[in-house]
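Below, chain A is the first sequence line, B the second, and so on; all start at residue 1.
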Protein chains: 2
Amino acid sequence: MLSKKTRYAIKALVVLGKNFGEAPMQISKIASEEHIPKKFLEQILLDLRNAGLLYSKKGAGGGYGLVKDPAEIFVVQVLRLTGGPVALLPCVSLNFYQKCDECSNEATCGVRDVFLEVRNETLKILSETSIADIISREGLLIQNTGV
Amino acid sequence: MLSKKTRYAIKALVVLGKNFGEAPMQISKIASEEHIPKKFLEQILLDLRNAGLLYSKKGAGGGYGLVKDPAEIFVVQVLRLTGGPVALLPCVSLNFYQKCDECSNEATCGVRDVFLEVRNETLKILSETSIADIISREGLLIQNTGV
DNA sequence: TAAAAGTCTACTAAATCTATATACTTTGTA
DNA sequence: TACAAAGTATATAGATTTAGTAGACTTTTA
């Protein structure tokens, strides 16, 4: 399961993606629109800023904005920045690798092999899907459900 | 990430799968072979037994064994029995569904839509892969790595 | 110069996970 | 029949992680 942190980060980026090109957006606006605790969101946006995904502007009229086009920000990046490993086992994680301490031989572990396959499929989707894709999917879903 | 519980469960089933058709196998043997804390493994095997995957035999010469052929036990079942949801978001989980409390409209949520896709791919793999498959993969890996 | 808005660090409460402890029941066999 | 082997059941402790809160500080604009 993704942590709340990761989920909030994605949601915030989607909102900022819709706002791309406009004036920066305040934390409190994002927080209230997306029902995210403001203080928690502050920390998350700061992380994303320090990672170079967002710019920020202090003072009156300040806020946050995307540095890059939402089509160039991929979901997998957000997971990694917010500490959510893609893999289901530490021994198949690219960025959060750890040896399974109960496993005697990684190279011949059948369990690992299965979860390697899962990771590859997951990674494929998440590294091909951008914030812009999420936004356009929402458009399609709204059409299809007639909401 | 899968919990230790889930990982130990899969490992234990693989060992029992290799032993299928033989006399029941003791907890302590499985525990020492797979480097799993014995007391913890006891609980896990008991769960798997109560779920109908294993039979047990008390007393001297007792132990655990698979009820069904390892080819008929799928990884997805083990995840579910040991509380490891397949989905990365509660709102796309089939067996552990929960509404995202920050989400206003599930039907048109683009984030959800992406993780629905991830879940589908993951589910496909895990519900097609059996304990027997894991065992035969190990055989292949041993050949390929020349160990 | 006051208000708006982000920055930074620390802290806490709750939940969950992992593991251990203890006492009990059943079964086989010497 | 008694003892040892082995599973059953429940409780609990310790560690870690997660989610969220608090508060004091800095920058910017009007």
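- Aromatic rings of B:Tyr8 and B:Phe40 (six-membered ring for Trp) have centroids within the 6.0 Å cut-off, being under it.
- Comparing C:dT22, D:dG20, D:dG7 by their closest approach to the side chain of B:Tyr64 singles out D:dG7.
- In this entry the distance linking CD1 of A:Ile36 with C1' of D:dT21 reads 16 Å, nearest Å.
- A salt bridge does not link A:Glu34 to A:Lys29: none of the charged nitrogens lies less than 4.0 Å from a carboxylate oxygen.
- Residue contacts for B:Lys4: at a heavy-atom cut-off of 4.0 Å it reaches the sugar-phosphate backbone alone, with no base atom in range.
- Between D:dG20, D:dG23, D:dT29, one nucleotide has an atom nearer to the side chain of A:Phe40 than all others, and that is D:dG20.
- Closest to the side chain of B:Lys39, from the set C:dT20, D:dT29, D:dA6, is C:dT20.
- Residue B:Ile27 has its side chain nearest to D:dG7 when only D:dG7, D:dT29, D:dT8 are considered.
- With respect to B:Asp101 and A:Arg7, no salt bridge is recorded, no charged nitrogen being found less than 4.0 Å from a carboxylate O.
- Nucleic acid contact for B:Leu45: none, since no nucleic acid atom lies under 4.0 Å from a heavy atom of the residue.
- Regarding A:Leu54, its CG atom lies at a distance of 15 Å from the C1' atom of C:dA5, rounded to whole Å.
- The listed nucleotides are D:dT21, D:dG23, D:dT8; the one nearest the side chain of A:Pro37 is D:dT21.
- A salt bridge does not link A:Arg112 to A:Glu117: none of the charged side-chain nitrogens sits closer than 4.0 Å to a carboxylate oxygen.
- Taking 4.0 Å as the cut-off between side-chain N and carboxylate O, A:Glu42 and A:Lys39 count as a salt-bridged pair.
- Of the two residues contacting DNA chain C, namely A:Arg49 and A:Gln43, the nearest-nucleotide position lying further toward the 5' end is that of A:Arg49.
- Rounded to whole Å, the distance from NZ on B:Lys5 to P on C:dT18 is 10 Å.
- Here D:dA6 presents its C1' atom at 14 Å from OH of B:Tyr55, a figure rounded to the nearest Å.
- As rounded to whole Å, 17 Å separates atom C1' of C:dT18 from atom NZ of B:Lys38.
- Among the heavy atoms of the strands lying under 4.0 Å from B:Tyr8 are primed sugar atoms or P, OP1, OP2 only; no base atom is included.
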